[in-house]
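Below: the structure, in C-alpha cells.
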Amino acid sequence: ECFKKVVSLAPNHAEALNNLGAALTANEEPKVAVDFLVRAINLRPNWAVAHSNIGNALLELEVLDKAEMAFEEAIKLDGNLLGALQGLARIELDKKEPEAALALAKKANLIKPNDADNLRFLGMAYRSLGDTNRARSFYEESLSIDANFEPTLVDLGELHVELGDIGAAKSCFEKAVHNNPNSLRPRLGIAKATKTTSTEDENILWLQAFQTNNPHLLGTKATALQFALGKSYNDTKQYDLAFAQYAKGCATIRSKFEYSVELNQHRTAAIKNLFSAKTIKKYSGIKNNDTTPIFVLGMPRSGTTLTEQIIASHPEVYGAGELNFLLDMVNFRGEHPENSYPQSLAGFSKADYQILGNEYLTKLKNLSPKSKYITDKMPANHHLIGLIHLILPKAKIVHVNRSPIDTCLSGFFQSFKSGQHHSYDLFESGRYYRDYHDLMAYWRDTLPTGSFYDVQYEDLVADIDNQARQLIAYCGLEWDNRCLDFHKTKRSVKTASVTQVRQPIYNTSVERWRVYEKHLGPLFEGLGDLAPER
C-alpha cells in the first residue's frame, strides 16, 4: 500500500514503480506487476534490478521465453545480480538443462557464499542431475543457515519422497506448514506424501477451501492443486468430484502444447518401415556381448516402475531409473520429423549402429561402474526395441503391459514433470495406446522369438512370488528374497509411482476405471476395439 501511494503521487518515479512491481509479484499478483515494471524499465532502460524483477513476474506467469530474456538482459547489465542468476537457473532447470543451472548456481554461491537460497539452488541443480547425496547435503547446509527457510524445507521434503523416506518428508512439510499455515506448496507436499486421505483430513480440507477462495489461481499452482484434490476425492470415493478436478488440470496442461494423433501414427509407420524384417536381417550380428543393460519399457503408468524396483532390489543390479540417453542419441524428441527418430537413423551403416551401442554403454556404465547389471526404465524406449535388438544384442528387454483403459486413465490422473503429451486428453490417450499396441505387435512379429520378455501387470500383482521369480530368472540373475521386499529398497525414484513402490504389492489399481465409466466415452472411442466390454 505504501508503494502504491508513492506511485500515485509520483507516477514517473522509476524506483517506486520497480518496488511496487516486486511487491505485487511477491503478493502473487504478477500480471499487475508487469505493467508497473515495464513503466520502470521505460524510464530506466539499463536498470538490471528492474529487468530481473520483471523476469520474476514473467516466471510466475509461466511466460518462460520472455522471463529468460529479461534475466539475460539483467545479467548483461550486471553479471553479479543474484536474483537474475537464480531466476535463470530456475528456467534452465525447467528446460531440463541441469548443467547450465549448476553453473549459474555455482556463480551465485561464489558471489554470496553461505546464503540459504544460493545453497538451495545448488541442491536443486544436483538433484536434477541425479546426484541425490550432494543435493541433500546442500539442502541441509541451507537449513543450517536458516532452519525455517521454506523453499529448502519443501525441496528437501520432495527429495525425501523421491528417496522413499516418507516420514522425513512429512516432517519437512509439516514444519513449513507450522511456520506458515497459509502456504500452498508444503501442503501440496503433504498431500503427495500421504498414501490415502479421509474426508476429515485437515490438510485436504485446507486445500479445498484454498481452491474455493482462489478461483483465479495461475498455471502450475492451479493444476498441482487440482491433481492433489483429484487424488483426495478418489481416495474418499467421491469419484465425480475427483474426475472433475483431474479433467480441469489436464485441460489446462493440454492447452499449453501441440500434439497430433496423426503425427504419432506417421511416426509409428515410419519406425516399422525403417526397422523392416530386411533391415533387421541386414544389420544383425553386431559383435557386442555386453549384458549390462536391462531395459524396462512399455506405456507410462503400466507398472514399469514397480517392475524395475523388483529387479533393482537384487544386489547385483543398479536401478538407474528413467534415462534419456538412447532417446537423446537418436533425437527422439526433435521438433522436426525430417531429422528426428526414426528419420535420424536413415542411412546408418552397420558401423554407425555399432558406435551407437558403444556410446550408450559408456554413458550407462558411468552411472555405476562396479554394477554387473544396470536398469534403464524409460517407457518410451518401446519405440526403440528394434534398435536395441541391433546395437545391444545381449541386453535384456522387459516389456510391461497393463489393461489399456486402466493404463490410459492412470495417465490422465497424473501430472507428469515433462512429456507424455498424449495423456492429457482421453481420446488422444486412447489413440496413442493403439499406436503403442500396434508397434509392440510388430516387434513381436518381426524380431526373433524371445527378443523381449512380457510382464502382465495384473498377473504380477496377483501372483508376485512366481512372477517375480520368472522375471529375475529372465534377467539372468540368481533368485534373491530382497526382490520380494522391493518396497524396502533405498534408491531414488523420480517417476509418478514414487509413493506406490514404497508399499507392499496391492491390486486396488486393477479395473479402477469402472467407477469412472460414465466419464470415459472419449477414451473408449480412442481405444476402439482395444476397449473392454462396458
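Position 1 is the first residue of the sequence; numbering continues from there.
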[atom1]-[atom2] distance between [X] and [Y], expressed to the nearest 0.5 angstrom:
| X | Y | atom1 | atom2 | value |
| --- | --- | --- | --- | --- |
| D131 | L102 | CG | CG | 9.5 Å |
| H389 | I286 | NE2 | CD1 | 9.5 Å |
| E322 | N381 | CD | CG | 9.5 Å |
| N466 | L460 | CG | CG | 11.0 Å |
| I374 | K372 | CD1 | NZ | 13.0 Å |
| D485 | Q309 | CG | CD | 11.0 Å |

[Y] side chain reached by [X] side chain, heavy atoms, under 4.5 Å:
| X | Y | answer |
| --- | --- | --- |
| C250 | F227 | yes |
| L58 | D65 | no |
| L523 | C408 | yes |
| L384 | M378 | no |
| E68 | E92 | yes |
| I397 | L392 | no |
| V296 | D376 | no |
| S302 | V400 | yes |

* **Partner set under side-chain contact (heavy atoms from CB on, under 4.5 Å) for P369, not counting sequence neighbours** =>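 Residues passing side-chain contact (heavy atoms from CB on, under 4.5 Å) with P369: none at all.
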
[X] and [Y]: side-chain donor and acceptor closer than 3.5 Å?
| X | Y | value |
| --- | --- | --- |
| D352 | S349 | yes |
| N234 | Y516 | yes |
| Q467 | D459 | no |
| S371 | E316 | no |

Counting distance only, does the side-chain N/O of [X] pair as donor-acceptor with the main-chain N or O of [Y] below 3.5 Å?
| X | Y | result |
| --- | --- | --- |
| S276 | T279 | yes |
| Y442 | K272 | yes |
| Y424 | A247 | no |
| K231 | K195 | yes |
| D425 | E428 | yes |
| N264 | Y432 | no |
| S128 | M124 | no |
| S410 | T407 | no |
| W479 | Q470 | no |
| Q420 | P300 | no |

Sub-6.0 Å ring centroid separation between [X] and [Y]:
| X | Y | answer |
| --- | --- | --- |
| F243 | F412 | yes |
| Y453 | H399 | no |
| H421 | Y259 | no |
| H383 | Y341 | no |
| F524 | W513 | yes |

Could you tell me whether [X] and [Y] have a side-chain N and a carboxylate O separated by less than 4.0 Å?
| X | Y | value |
| --- | --- | --- |
| R301 | D406 | no |
| R127 | E162 | yes |
| E262 | R267 | no |
| K394 | D290 | no |

* Asked: Going by the angle between their ring planes, with limits at 30° and 60°, are Y246 and F413 parallel, tilted or perpendicular?
  ->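 The rings of Y246 and F413 lie parallel, inter-plane angle below 30°.
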
* Given N288 and N358, is the side-chain contact (heavy atoms from CB on, under 4.5 Å) satisfied, shown in steps? -> CA-CA 8 Å; N288 188 333; N358 291 336; 3.6 Å; yes

* **Intermediate values then yes/no, side-chain contact (heavy atoms from CB on, under 4.5 Å), L356 and L387** => CA-CA 10 Å; L356 198 65; L387 174 67; 3.9 Å; yes

* Asked: Excluding sequence neighbours, so at least two apart, what forms ring pair (Phe, Tyr, Trp, His ring centres under 6.0 Å) with Y360?
  ->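 Scan of Y360 (ring pair (Phe, Tyr, Trp, His ring centres under 6.0 Å), adjacent residues dropped) gives F295.
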
* To do: List the steps, then state whether side-chain contact (heavy atoms from CB on, under 4.5 Å) holds for T292 with Y373.
  => CA-CA 4 Å; T292 303; Y373 298 98; 5.6 Å; no

* Is there a side-chain contact (heavy atoms from CB on, under 4.5 Å) between K350 and K282 once you walk through the steps? -> CA-CA 9 Å; K350 196 167 187 175; K282 179 180 178 181; over 6 Å; no

Name every donor-acceptor pair, under 3.5 Å, that has one atom in a side chain of residues 323-330 and the other anywhere in the protein, sequence neighbours excluded.
from, atom 1, to, atom 2, distance (Å)
N324, OD1, R333, NH1, 2.9
N324, OD1, R333, NH2, 3.0

